[in-house]
J.: 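Here it is, the structure, as C-alpha cells.
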Amino acid sequence: MAAKVKKLEKSDNIFEKILSGGFLSAGEGLFLYENVPTSELMAVADALRQKINPGNRVGWIIDRNVNITNICVSGCLFCNFYRGEKSPEAYVTSMEEYEQKIEETLARGGDQLLLQGGLHPRLGLDFYAGLFSRLKQRYPQLKLHALGPPEIAHIAELEGKSYSYVLKALTEAGLDSLPGAGAEILSDRVRNIVSKRKCSAKVWLDVMREAHKMGLITSATMMFGHIETKAERIEHLIKLREVQSEKPAGAVGFISFTPWPFQDEDTALRRKLGVRNETTADDYIRLVAVSRIMLPNIRHIQASWLTTGKDVAQLCLHGGADDFGSIMIEENVVSVAGASYVFDEEGIQRAIRDAGFTPYRRNQRYEAVG
Ligand code: SF4
C-alpha cells in the first residue's frame, strides 16, 4: 500500500510538470507509462492537447501514397513490400502511372502525393530530382511529401554528397516536405536486428536536423510492438524532442508525430524470429497519450486508424491526438502486412464527429483547406 501511495505522489508531481510545459526525463516518462492508469494518462494528455491545440478540431487530409519503386537493398525484416532488382515483380513507377494516379487524386479534391519507395541500388539524385521537377511542371499545384531520412541518406551515399546537398537539390526540384518514414525505433540495438542495412538512429536524426535547418517541414513516426522495450520507446520520443529543440527559431521542424503498431502478417520478423503484433487497443491508446506528454514541442499527434481501426483511433482523440491523418487513396506497405481499414471523405469526417470533435480538412502544414 505504501509503495502504491508513493507511486501516486510521484505521478502527481509529474502531472504538474507536464501541465506547466516541462520536458519529462526518461525515468519520469517510463514511470508514467508503466504505472499510471490509462484513464489518467488520457486525461493529462488531453489537458496538454488543449493547451497546445485548444478547441475540439481534428484534422484530416486527402493524399495519395504512390510508391516510386519496390526495389530495395535494405531487406527490413518487417517489410513484405520490397523486391530484388531481378524479381519479376520489381517495378519503377512510370510517368503515365503517376499521371493517372495524380488525376484521380485531384478529381477527389486531394493535392498531395506521399511518395515513398525502396532503397534502389542505382537510382540517384538525378532520377529523384528529375522526377520531382517533371511532376511539378505538369501539376504546379501538387504538393510532394516525399522520401524520408533513409532514402536521403542512401542517395547521399550513392552520390558521395552531404545530406544538405541532397535535400537542397530535391527541394529545388519540388520536394515540399519530408515524411518521418523509416524511423521504426530510434535505437541501434533494435535497428541492428529489424533493419540492419537501413540508416542508424543517428543518421535518421541528422538528416532531420539538416532538413529543419533548411526550413523544410518534416513529420515523425514510430513503428512499435516488435522487439523493442518500453524504455526504448521512451528513448525514441526523447531523441525526437531533442532534435525538435535544436531547430532554428521560426522553423516548424517536426509538425506531427504518428505511432503505429508493427503489422506482422507474412513478415520475416514473424516467420524467422516469431515476433507477432500483440498490440492491444489499450497499448495503442497509452502510447499515444505518452507521446503527447513526452513531445510538448511537437504540435500535432496523429492517431493511425489505418493500422488500429476506427474505434481505437477515435478513443485516442480523447487522449492526446488531434489528427486523424489521411484517407489514403492508396497504401501498399502496411496493407501488404495485414492492415486493412479504409475510409472515404465522408467516412473519416463522420468518424471524427462521432467521437465528439469537429473535422477540418488540412494540408501538410496543418492549415485548413477546402
Ligand atoms: S521498409 Fe523500406 S527500406 Fe525497409 S525493406 Fe521495405 S522498402 Fe526497403
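In each ligand, atom 1 is the first atom listed, and ligand 1 is the first ligand listed. When reading the values below, keep in mind they use all heavy atoms of this one structure, side chains included, and skip hydrogens, waters and symmetry mates. Starting from 1, each residue takes its place in the sequence as its number.
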J.: Pair D282, T280 - check side-chain hydrogen bond (donor to acceptor under 3.5 Å, both in side chains), show working.
T.: CA-CA 5 Å; D282 188 61; T280 64; 5.1 Å; no
J.: Any sub-3.5 Å donor-acceptor pair from E28's side-chain atoms to I14's backbone N or O?
T.: no
J.: In ligand 1, which numbered atoms sit nearer than 4.0 Å to a non-hydrogen atom of G118?
T.: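 Numbered from 1, ligand 1 contributes 7 (S).
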J.: Got a sec: is C76 within less than 2.8 Å of atom 6 (Fe) of ligand 1 via an N/O/S atom?
T.: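 Short answer: no, not a single N, O or S atom is under the cut-off.
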J.: Among the heavy atoms of G75, does any lie under 4.0 Å from an atom of ligand 1?
T.: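 In this structure, G75 qualifies as a contact of ligand 1 - some heavy atom is under 4.0 Å.
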J.: Which of the numbered atoms in ligand 1 are below 4.0 angstrom from a heavy atom of C72?
T.: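 Contacts of ligand 1 toward C72, numbered from 1: 3 (S), 5 (S), 7 (S), 8 (Fe).
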J.: List for me each residue that meets side-chain hydrogen bond (donor to acceptor under 3.5 Å, both in side chains) alongside D344, sequence neighbours excluded, and say none if there are none.
T.: none
J.: Short question: side chain of N297, backbone of R241 - any donor-acceptor pair under 3.5 Å?
T.: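 Indeed, once roles are kept as given, a pair shorter than 3.5 Å links the two residues.
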J.: Using a strict 4.0 Å cut-off to heavy atoms of K198, name the atoms of ligand 1 that fall inside it.
T.: 1 (S), 3 (S), 4 (Fe)
J.: We want to know whether S177 and H145 form a side-chain donor-acceptor pair, criterion being a heavy-atom distance below 3.5 angstrom.
T.: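 There is such a pair between these side chains.
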J.: Please list, in number order, the atoms of ligand 1 under 4.0 Å from a heavy atom of F78.
T.: 1 (S)
